[in-house]
Peer 1: 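Okay, here's the structure, questions in a sec.
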Amino acid sequence: MQACPPPSGAAGQPPSAAMNHPLPPESATAPHARSAPRQSVEINKLSKRLHRQVGQAIVDFSMIEEGDRVMVCLSGGKDSYSMLDILMNLQKRAPVRFELIAVNLDQKQPGFPADVLPGYLKNLGVPFHIETQDTYSIVKSHIPEGKTMCSLCSRLRRGILYRVASELGATKIALGHHKDDIVVTFFMNMFFGARLKAMPPKLVSDDGRHVVIRPLAYVAEHDLQAWATHRAFPIIPCTLCGSQDNLQRVQIKAMVHEWEKRHPGRIDRIFSSLGQVVTTHLMDPRLQPFAELRATGVPLPDGDIAFDDEPCAPAAGLSPILTPNAPQAVTWLGASNSD
């Protein structure tokens, strides 16, 4: 194990110029020079959108509170890099004081560049901890070649991260799952688990000792890809699940993205539906006492419309119906990112 002791104060330092993806200089060739202002505008819009969405998710689900010590799980992929980057920026203007500590689990995968993350995090100036556990050998020895390794790998990784969170005194565990992940997980549970279940933005961990949060819940994957390219994060590919193209998750993701290509906005609508659940129109007897239902003679606004010719009109907007907790929402969201 190796760790960098946290500096006094919670605020992280902005990344160095070397970690940023520079925009074309004015002296560039004519086409690049002409496109530079537009590129700058698009990056600024992307930055504001990402920080607004993460800030809104934090407020809507009360993810981060006064005095929290947030353990940011950093895998070396675009999602977790972006999550840390955005949280560090939001930390500077948040209405509550909280600490960040980046944690990476080195699973001893062959060829893993163990020096990349420590170097990046030291340069960033954020407290961090590298946990070294050879889960790679365990997974390879228990899972036959060609079979899906994700389930065992995930269980091992989750148990280790829970332990590390306790050792570091973390009050929240931040994971880098985004909107697309949540929608894909919903369909995986439906198709392969026969249950309506997704990834909640906030939940209590399996062991009951930690609160897990997903600050990127409102963020689209393509925006994270664009942000990672702009910031030039030192991406580290996974040689376990990242190398398997036969995964059910990969297939479901391809299906969802094909829907989105044919019908733009479909991912947003599916995601929105997860926050607008009408339990009376499902079939779970634990949610609805069917045996006790009786006619009351009182009209119901959400009554049975199963025989209507047209589906009910979608709610305005494409995000769940949530009420921001003012004035915190204004403070988290009001300032633009100084990038």
Side-chain angles (χ1 to χ4, degrees), residues 1 3 6 10 54 57-75 79-80 83-84 87 91 94 96-107 127-135 138-139 142 148-179 181-186 188-190 192-218 240-241 249 271 274-275 277 279 282 284-287 320 322 325 328:
M1 291 191 304
V54 173
I58 290 172
V59 172
D60 285 344
F61 299 98
S62 300
M63 291 186 186
I64 299 177
E65 301 162 290
E66 179 72 30
D68 269 341
R69 184 171 172 82
V70 182
M71 186 176 99
V72 182
C73 298
L74 198 65
S75 66
D79 305 330
S80 58
M83 176 173 63
L84 176 62
L87 286 177
Q91 185 186 43
V96 297
R97 291 174 298 174
F98 64 94
E99 298 179 53
L100 296 173
I101 179 166
V103 170
N104 170 256
L105 173 59
D106 181 352
Q107 299 176 272
F128 73 91
H129 172 82
I130 306 296
E131 180 72 15
T132 302
Q133 296 286 335
D134 188 3
T135 61
I138 298 175
V139 171
H142 284 79
T148 301
M149 296 179 272
C150 287
S151 180
L152 176 58
C153 181
S154 178
R155 289 199 302 273
L156 292 171
R157 188 170 63 247
R158 186 163 61 243
I160 293 170
L161 290 175
Y162 289 169
R163 173 181 59 77
V164 171
S166 296
E167 293 173 354
L168 296 177
T171 56
K172 301 286 172 62
I173 300 175
L175 303 179
H177 298 119
H178 46 69
K179 181 192 296 184
D181 287 329
I182 293 173
V183 170
V184 168
T185 299
F186 170 71
M188 285 190 64
N189 277 299
M190 183 188 298
F192 304 109
R195 55 189 175 184
L196 291 179
K197 177 183 176 183
M199 287 178 175
K202 181 181 180 182
L203 76 158
V204 176
S205 62
D206 296 351
D207 60 6
R209 299 172 60 190
H210 305 283
V211 174
V212 177
I213 60 175
R214 295 183 168 99
L216 301 180
Y218 288 170
L240 279 172
C241 59
R249 179 172 293 276
F271 179 80
L274 298 177
V277 180
T279 58
L282 296 177
D284 193 334
R286 295 168 297 181
L287 301 176
L322 300 165
N325 300 316
Q328 283 198 359

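In this text the structure is predicted, and so the values were computed from the model without any measurement.
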Peer 1: Nearest 0.5 Å, please: how far is CZ in Phe98 from CD in Glu66?
Peer 2: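 Between Glu66 CD and Phe98 CZ, I get 10.5 Å after rounding to 0.5 Å.
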Peer 1: Nearest 0.5 Å, please: how far is CG in Leu84 from SG in Cys73?
Peer 2: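 Here the interatomic distance stands at 11.0 Å.
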Peer 1: Would you mind reporting whether Thr185 and Arg249 have side-chain heavy atoms less than 4.5 Å apart?
Peer 2: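 Touching, per the 4.5 Å side-chain cut-off.
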Peer 1: Do the side chains of Val103 and Leu105 get nearer than 4.5 Å, heavy atoms only?
Peer 2: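 Counting from C-beta outward, Leu105 and Val103 never come under 4.5 Å.
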Peer 1: Between Tyr218 and Phe271, does a side-chain contact (heavy atoms from CB on, under 4.5 Å) hold up when you go through it step by step?
Peer 2: CA-CA 9 Å; Tyr218 288 170; Phe271 179 80; 3.7 Å; yes
Peer 1: Does any non-hydrogen side-chain atom of Ile173 lie less than 4.5 Å from one of Ser205?
Peer 2: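 Of all side-chain heavy-atom pairs linking Ile173 with Ser205, none is under 4.5 Å.
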Peer 1: What distance separates Arg214 CZ from Met83 CE, expressed to the nearest 0.5 Å?
Peer 2: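 Arg214 CZ to Met83 CE: 10.5 Å, rounded to 0.5 Å.
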Peer 1: Judged by atom type as modelled, is there a donor-acceptor pair below 3.5 Å linking the side chain of Asp284 to the main-chain atoms of Arg286?
Peer 2: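 Such a contact is found between Asp284 side chain and Arg286 backbone.
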Peer 1: For Ser166, what residues pass the side-chain hydrogen bond (donor to acceptor under 3.5 Å, both in side chains) criterion, not counting sequence neighbours?
Peer 2: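 Once residues adjacent in sequence are excluded, the partners of Ser166 under the side-chain hydrogen bond (donor to acceptor under 3.5 Å, both in side chains) criterion are Arg209, His210.
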Peer 1: Is the closest side-chain heavy-atom distance between Met63 and Lys172 below 4.5 Å?
Peer 2: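 Met63 does not reach Lys172 side chain to side chain.
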Peer 1: So, taking the atom named CD1 in Ile101 and the one named CG in Leu168, what distance separates them when rounded to the nearest 0.5 Å?
Peer 2: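 Atom-to-atom, Ile101:CD1 and Leu168:CG are 4.5 Å apart.
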Peer 1: Side chains of Ile58 and Leu87: closer than 4.5 Å at any heavy-atom pair?
Peer 2: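 Counting from C-beta outward, Ile58 and Leu87 do come under 4.5 Å.
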Peer 1: Does the side chain of Leu216 reach to within under 4.5 Å of the side chain of His177, using non-hydrogen atoms?
Peer 2: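 Answer no - side chains too far apart.
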Peer 1: For a 4.5 angstrom cut-off between non-hydrogen side-chain atoms, does Phe128 reach Leu74?
Peer 2: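 Result no, sub-4.5 Å side-chain heavy-atom pair not found.
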Peer 1: Starting at CG of Leu274, measure out to NZ of Lys197 and round the result to the nearest 0.5 Å.
Peer 2: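 One gets 13.5 Å once the value is rounded to the nearest 0.5 Å.
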Peer 1: Tell me the closest heavy-atom pair linking Ala57 and Pro215, and the distance in Å.
Peer 2: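 Closest pair (atom of Ala57, atom of Pro215, distance): CB-O, 3.8 Å.
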Peer 1: Checking Asn189 side chain against Arg195 main chain: does a donor-acceptor pair fall under 3.5 Å?
Peer 2: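 It does not hold such a pair.
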Peer 1: Mind running side-chain contact (heavy atoms from CB on, under 4.5 Å) on Val96 and Glu65 for me, showing each step along the way?
Peer 2: CA-CA 6 Å; Val96 297; Glu65 301 162 290; 5.9 Å; no
Peer 1: Within this structure, what is the CD-CD1 distance for the pair Glu131 and Ile160, rounded to the nearest 0.5 Å?
Peer 2: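 So the gap between those two atoms works out to 7.0 Å.
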